[in-house]
Every structure is written in structure tokens, then in C-alpha cells.
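Structure record follows, encoded as C-alpha cells.
Convention: sequence-line order gives letters A, B, ...; per-chain numbering from 1. Worth knowing before you read on, the calculation uses all heavy atoms, side chains too, and leaves out hydrogens, waters and symmetry mates.
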Amino acid sequence: MSFDWTYAFSFPALLTSAIGSALGIIWGAMPGLSSNMAVALLVGFTYKLPPEIAIIFLISVWVGTEFGGAISAILINIPGTPSAVPTQMAGYPLALRGEGGLAIGTALMFSMIGNWAGLIVLVSLVPVMIAIALSFSVWEMFLLVMLGVAISGTLTGREKPIKGWAMGWLGLMIAMVGKDLIHGVERYTWDINELRAGIKYLPVLIGLFGLTEALNVLSKKQHAAVPNDIGRVFPPLSLLKKYWKSALRSSAVGTIIGAIPGAGANIAAYVSYTLGEQATGRKFSEGDLEGVVCSEVANNANVGGGLLPTTTLGIPGNSSSALIIAALSLQGIIVGPNINNDHPGFMLFLYATLLVANFFMYTTAFAVVRPSVYLLTMPAAVVMPTVMMLALVGTFAASYSTFDVSVMFFSGVFGYILLRHGYPFAPLILGVILGPMADENLRKTIWIFEGKYHELLFRPVGIVLFVGVIWSFYYGIKRSKRESQRLDLDADRISK
Amino acid sequence: MMQKDLKEQPEESQREKGSSLLVSGGLMLISGFVFVSSFFIPAPEGWQTAPGMLPMLLGGSLFIMASVISWEAIKNGAWISLKQGFRGIGESDPNTPLWRVVVAILVVGIFYFVLLRFLLFEIAAFLFLMTMLQIFWTESKFWHRLLASLLIPFTITVSFHGIFGIPMPGESNIVQEVLFWWKQKGS
């Protein structure tokens with residue numbers, strides 16, 4: 001399938017992007033509705049659309065939700081998306097001072113800058129990454145998968161990285177169900193016909209991001225008071241001059257973290273926020289536009305950064321990228337080092353799509369911000385059951401399979417249990433998607449290098465990746481020990 | 001000492017600690033099963049390309065990880081919390097997150113697996129929404145709940161099935177029946 005990048009500027013594409021961006025902003029603004037949830041629920045619906053329109057729609061929704069999360073975070077102190085938590089910390093005190101509109105406008109302007117930064121990095125590094133990826137053999141590909149899962153576990157498991165690794169391993173194990181790719185031998189199918197093709201990852205993703213999050217929100221009682229007046233939304237351009245250093249630093253943080261498999265926008269926003277506080281010597285939580293800048297630039301730069309390993313290696317940079325992989329594979333597009341040969345013009349089309357989506361995020365936001373404030377009052381008790389219905393319809397639409405609906409339901413329930421006990425999803429998702437790749441490449445490595453395993457020790461890229469895997473475990477264990485020592489000290493101090 | 005500390009903790013957090021042991025125990029069971037059964041997967045061309053190799057490695061290492069998590073949970077008093085949690089489960093407040101979620105899961109399960117087998121999509125979705133809103137949207141008026149339960153399913157079917165032609169789950173749906181009837185009438 002080939003792509004024409006100019007299609008991204010055609011009328012149907014522009015209209016789709018405008019609708020997608022507006023929908024994304026509104027979705028992101030509503031408390032509890034994350035960008036992952038939006039993309040997860042919509043993947044099934046885009047199945048019947050032409051590939052170009054489906055891609056434009058999903059990317060626009062994703063870009064829109066990344067900004068939309070800032071609206072509820074700033075105005076009602078409830079982050080629309082997890083990555084908007086730092087925005088909430090710096091922005092809500094501003095809303096209390098009557099500067100909510102200005103904080104939202106600043107978030108919008110710098111979200112656009114973050115998107116630009118991510119796009120520039122994506123455009124400049126894709127050829128380099130593809131060149132590197134094409135030199136990988138089966139051994140390096142196996143190590144790359146393990147590195148992705150290990151890093152993702154380390155970063156998302158916080159004080160207990162072992163929980164992150166366990167989730168990654170569980171994801172890889174789920175991917176082992178079905179016929180194996182080399183011999184066609186059945187594994188863990190128990191003669192159930194639907195399991196022979198393996199557990200599809202789209203129902204798992206919809207379950208984890210749709211049903212689990214809906215259950216999580218319903219379990220809490222949230223009441224939000226929306227301010228009567230949000231003030232001026234359009235930000236003064238002088239802010240660009242004032243905060244350019246923070247924007248630059250946060251762009252780098254957002255894109256780099258985005259490119260690390262499994263490390264999502266929330267980690268990028270937290271790191272950028274913390275670095276911003278250290279650089280300025282101020283506490284952003286007292287209400288500070290610079291805190292909003294740090295958080296929003298980073299979580300939007302994460303979009304472009306996340307697409308870098310996704311498109312060049314087939315390894316998702318974050319959960320939303322994982323969903324984009326699912327959407328693309330539904331359309332018959334398999335991303336990876338051969339993307340330029342298999343789907344000529346796809347990368348250019350993707351850049352153009354990001355450009356258009358970024359433009360519409362900025363322009364539609366001014367029209368959508370004020371009406372979306374009223375949506376903040378919509379009760380979660382109405383929104384979440386609707387999300388549960390959309391999760392059902394979205395799963396069914398992608399495969400017409402009631403078995404997939406069961407997979408989605410049990411993933412959602414299981415996901416809620418895991419969420420309650422501090423198990424992160426990102427490594428699980430990476431594992432489910434990358435499992436077949438890990439399995440095939442490990443077995444081919446053992447077969448190809450049989451009797452000459454010592455040769456694996458002289459492959460420089462392999463050594464770097466292997467050291468990376470070991471370092472990731474070492475760093476996680478070290479951080480976990482430090483964290484438990486700190487908690488013990490805190491407990492001692494309290495008891496005294 | 002540990003038992004005394006635990007008694008001072010709120011019921012919900014104690015149950016959480018106890019159930020964390022159940023989760024890691026569940027992971028141990030799954031990984032143990034995967035590890036053992038991987039040896040019974042046929043290997044047509046020897047051990048080098050054995051389909052059970054990665055499941056064996058994953059199962060074994062996940063079992064170790066889950067054991068470590070379980071051990072840490074036990075050290076933090078999860079075993080005692082678990083016993084206390086089971087004893088008090090019948091007396092706990094139905095407004096806790098746990099009960100709210102159990103109820104939601106039951107209602108969703110009935111909607112997905114029972115109602116949709118026998119009813120048209122909109123009717124099943126109406127019953128599901130009405131029940132959910134009755135339970136969770138308690139501060140609203142009855143007619144608000146009724147209106148929302150009627151409007152939302154129809155909006156979803158009209159926009160997804162009526163406009164985009166996306167198939168809906170369940171036996172059939174009212175929009176599809178109406179469209180079919182309309183086409184029949186036209187021809």
C-alpha cells in the first residue's frame with residue numbers, strides 16, 4: 001500500500017483532522033477520559049474507514065487529548081489525563097486566582113511547541129533509526145524487545161520495578177498463546193478454536209484502557225465545581241520569549257522519554273516539571289505558568305518521540321503508540337524497519353498528518369475550550385457506563401467476534417485488580433505486542449548461532465543492548481532498595 | 001506488634017494489603033502452570049527451535065518475581081490482613097470502592113453476556129444504562145436517568161451503525177430493523 005503525503009492537505013483530510021482534534025480536546029478535558037482510552041475506543045471504529053482517513057483521525061484525536069487533559073486539570077483540579085497531573089499542580093492555583101483562561105491559553109500555545117519539537121525530532125531521526133534497525137540481526141531484535149520491556153517495567157513500576165517487570169513478562173506470556181510462528185505448533189489453546197490465532201491485543205488494550213479506567217473512575221465519588229469565569233484564553237506572545245528555555249528543555253525531555261519504549265507522556269511531564277523546578281529554583285505548585293509550560297511541552301513532544309521507535313522498529317514508544325500500531329495493523333500496515341519499502345510514502349504522510357493535526361489542535365482549541373468547560377460538569381456516573389458501551393461496540397466492530405468481547409471484559413476486570421495493587425499496564429502492553437517478535441527472534445538466534453554462540457559476544461550493537469537490559473534491572477533494584485530505605489526512615493521518624 | 005498495627009489501619013487498606021497477596025499468588029499459579037506445561041509442548045526440530053522455550057523461560061522467571069512480590073507482601077503483614085479481610089467481608093460498607101466496582105462488573109457482565117444474547121442492542125443497552133444510573137447517579141431525578149438511558153443507546157446506534165455502517169453487537173438493533181424495513185418498503 002502506498003501513500004501520497006499531499007492527501008493530508010485535501011479537504012476530507014482537513015475536515016477529519018478538525019473533527020478529530022475537537023473531539024480529542026473535549027474528550028481529554030472530561031475527567032477520567034484519557035488519551036489512551038480515546039484512541040483505544042476509536043481504533044475499532046476506524047476499521048471501516050480508508051487508511052489515510054483512519055490515521056488522520058486517530059492522530060488528531062491523540063494530539064487533541066494530550067492538550068485537552070490540561071483544561072480540567074487547570075479549572076477543576078482533576079486531571080483529564082494522567083500526563084496532565086503536573087499541569088494541574090501548577091495550573092489550578094492560577095485558576096483560583098482568576099487566571100485559569102491564561103493558564104489554558106499558555107498550555108495550548110506550548111502544547112503546539114511541544115508537538116513541533118516532537119515532529120522535528122521524528123523527521124530528523126527516522127532515517128538514522130531505520131539505518132540502524134536494518135543492521136539488526138535476529139539476536140539484536142530479541143534484545144531490543146527485552147530492553148523495551150525491561151526499561152518500561154523499571155520506569156513505570158516506580159518504587160516496585162519488580163511489579164513492572166512481572167507485568168512485562170505476563171504480557172509476553174499472553175502473546176505465547178496460539179500457533180507458534182515457526183512450526184505452527186499450538187500452545188495453551190486447549191482446543192478452543194478462537195485461541196488458535198492467539199489472543200489479539202486490541203481487545204486487551206480496549207479492556208485495559210476502556211473498561212479498567214471506567215471501573216476505576218466509577219469506584220470513586222468525584223464532585224467538581226467549575227469556575228464561573230475563566231478569563232482571557234489567548235496568551236500574550238511575550239510568554240514565548242519569557243519561557244523559551246523551559247520549552248527547549250522540556251521538548252528534549254519529552255521527545256527522549258517518548259522514544260524510550262513504554263515510557264509515556266506522564267513520565268515525561270513529571271520529569272520535565274521536576275527539572276523545571278530545579279532549574280528555576282521555584283515551587284510551581286504555588287501556581288506558576290512556567291510549570292504549565294514544562295508539563296505541556298513535554299507531554300506533547302512525547303507524541304513525536306513515541307512515534308520514532310513505533311514506526312522504525314515496530315516497538316511502541318508509549319501506550320497510545322501501541323494503539324496506533326493496532327490501528328495500522330487493522331488497516332494492513334505493519335510498521336518497522338522496512339516501512340519505506342513496504343508502504344512507500346507512509347512516513348511523509350505521517351509527518352504531514354502530524355503537522356495538520358497540530359494546526360487544528362491549536363485553532364479548534366480556541367473554539368472548543370469554553371464549551372468544553374460546561375462538559376466538565378457531566379457526571380462520571382453517566383460518562384463511564386457510556387464508555388463501557390463504547391468499549392463493547394469498539395471491540396466488536398474490529399473483529400465481529402464475541403470471543404474478543406470476552407477477552408476485553410476479562411482484561412478490563414483483571415486490569416482493574418492490577419491497577420488497584422500498583423501493577424503498571426505499559427510493560428504488559430509492550431509484552432503482548434512484542435511477544436511474537438521476541439519468540440521468533442530468540443529461537444532463530446539459537447538455531448542460526450548453534451555451535452558458535454561465542455560470536456554473539458562480538459556483536460557491538462548486541463553488547464550495547466545486552467548491557468542495557470542488565471543495567472535496566474540493576475538500576476531498578478538499586479532504586480527500589482533506596483526507596484524502601486527512605487520509607488523505613490520515614491516510618492521510624494513518624495513512630496518517634 | 002504487627003497484628004496490633006494492622007488493627008489500627010482502616011478496613012479498606014487492610015483488605016488491599018491482603019488482596020495484594022492474592023494477586024501475586026495468582027501470578028505464581030499462572031507462571032508455574034506455564035513453566036510446567038511448556039515441557040509438554042511438542043518440539044518438531046529439536047530444542048533449538050522448541051515452541052515451548054520462551055514460555056518456559058518466561059514462566060520460570062515470572063514465578064521467581066511473583067514469589068519475591070508475595071514474600072514482600074507477607075513481610076508487610078498481608079497474610080494477617082487477608083484473614084481479617086475475609087472475616088469482615090460480609091459486614092463492610094457497601095459504599096466502598098470495592099463494592100461499587102463489584103456491582104459495576106456484575107452489571108456490565110450481565111449486559112455483555114446475557115442481555116445482548118436475547119434482546120435488541122438498544123433495549124439491552126437501555127436496561128444496562130438504567131441500572132447503572134440508578135446505582136451510581138443517585139443525586140439525579142428519575143426522568144433524567146430515564147432520558148439518558150433512552151438517548152445514549154440510540155445516539156450510539158444511529159451514529160455508528162446508521163451513518164458509518166459499523167456492525168453492532170447482539171442479535172440485532174432497532175436502527176438496523178428500521179433501515180431494513182425502510183429498504184423493503186422502498187423496493
My understanding is that only residues two or more places apart in sequence, or in another chain, count here; which of them pass ring pair (Phe, Tyr, Trp, His ring centres under 6.0 Å) with Phe449(A)?
none

Select one option (side chain, backbone, both, neither) describing which atoms of Val185(A) are under 4.5 Å from chain B's heavy atoms.
side chain

Measure distances from Ala175(A) to the heavy atoms of chain B and classify the residue's part below 4.5 Å as side chain, backbone, both or neither.
neither

Under 4.5 Å from any heavy atom of chain B, what part of Met173(A) do you find: side chain, backbone, both or neither?
both

Counting only heavy atoms from other residues, nucleotides and ligands, does the tally under 6.0 Å from CZ of Arg117(B) exceed 12?
no

Which bit of Leu27(B) comes within less than 4.5 Å of chain A, counting heavy atoms only: side chain, backbone, both or neither?
side chain

Closest-packed option against chain A by number of heavy-atom pairs under 4.5 Å, given Gly26(B), Ala50(B), Ala43(B)
Ala50(B)

Can you tell me which portion of Ile162(A) sits under 4.5 Å from chain B's heavy atoms? Options are side chain, backbone, both or neither.
both

Parallel, tilted or perpendicular for Phe473(A) and Trp165(A), by the 30°/60° rule?
perpendicular

Option in Ser38(B), Pro44(B), Ala104(B) with maximal non-hydrogen atom pairs under 4.5 Å from chain A:
Pro44(B)

How long is the straight-line distance from CE of Met388(A) back to CG of Leu215(A), given to the nearest 0.5 Å?
4.0 Å

Under a 4.5 Å heavy-atom cutoff, which of Val34(B), Val68(B), Leu133(B) has the most pairs with chain A?
Val34(B)

Is there side-chain contact between Val23(B) and Arg420(A), with at least one heavy-atom pair below 4.5 Å?
no

Per-residue contact mode, Lys444(A) against chain B (heavy atom under 4.5 angstrom):
neither

With a 4.5 angstrom heavy-atom cut-off, could you sort out which part of Ile135(B) is near chain A: side chain, backbone, both or neither?
neither

Bottom line for Met53(B): the part with an atom under 4.5 Å from chain A's heavy atoms is side chain

Applying the side chain to side chain contact (heavy atoms under 4.5 Å, CB included) test to Met437(A), which of Leu181(A), Val138(A), Val145(A), Leu172(A) qualifies?
Val145(A)

Please check if atom CZ in Phe40(B) has more than 12 non-hydrogen atoms from other residues, nucleotides or ligands closer than 6.0 Å.
no

Say whether, by atom type as modelled, one donor and one acceptor occur between the side chain of Gln134(B) and the main chain of Arg145(B) under 3.5 angstrom.
no

Check each atom of Ile156(B) against the heavy atoms of chain A and say whether the ones under 4.5 Å are side chain, backbone, both or neither.
side chain

Under 4.5 Å to a heavy atom of chain B? For Pro385(A) that would be both

So, for Thr395(A) and Pro203(A), which heavy atoms are closest and what is the spacing to 0.1 Å?
CG2-CB, 4.0 Å

Using non-hydrogen atoms only, which part of Ile105(B) is less than 4.5 Å away from chain A: side chain, backbone, both, or neither?
both

Should the ring pair Tyr400(A) and Phe396(A) be called parallel, tilted or perpendicular, given that the plane angle runs from 0 to 90° and is split at 30 and 60?
tilted

Quick one: of Ile64(B), Ile30(B), Leu116(B), Ile41(B), who has the most non-hydrogen atom pairs under 4.5 Å with chain A?
Ile41(B)

Proximity breakdown for Ser406(A) and chain B, heavy-atom pairs closer than 4.5 Å:
both

Interface check, chain A: of Ser61(B), Ala125(B), Ser140(B), most non-hydrogen pairs under 4.5 Å belong to Ser61(B)

Angle class for the Phe113(B)/Phe409(A) ring planes (parallel below 30°, perpendicular above 60°, tilted otherwise)?
perpendicular

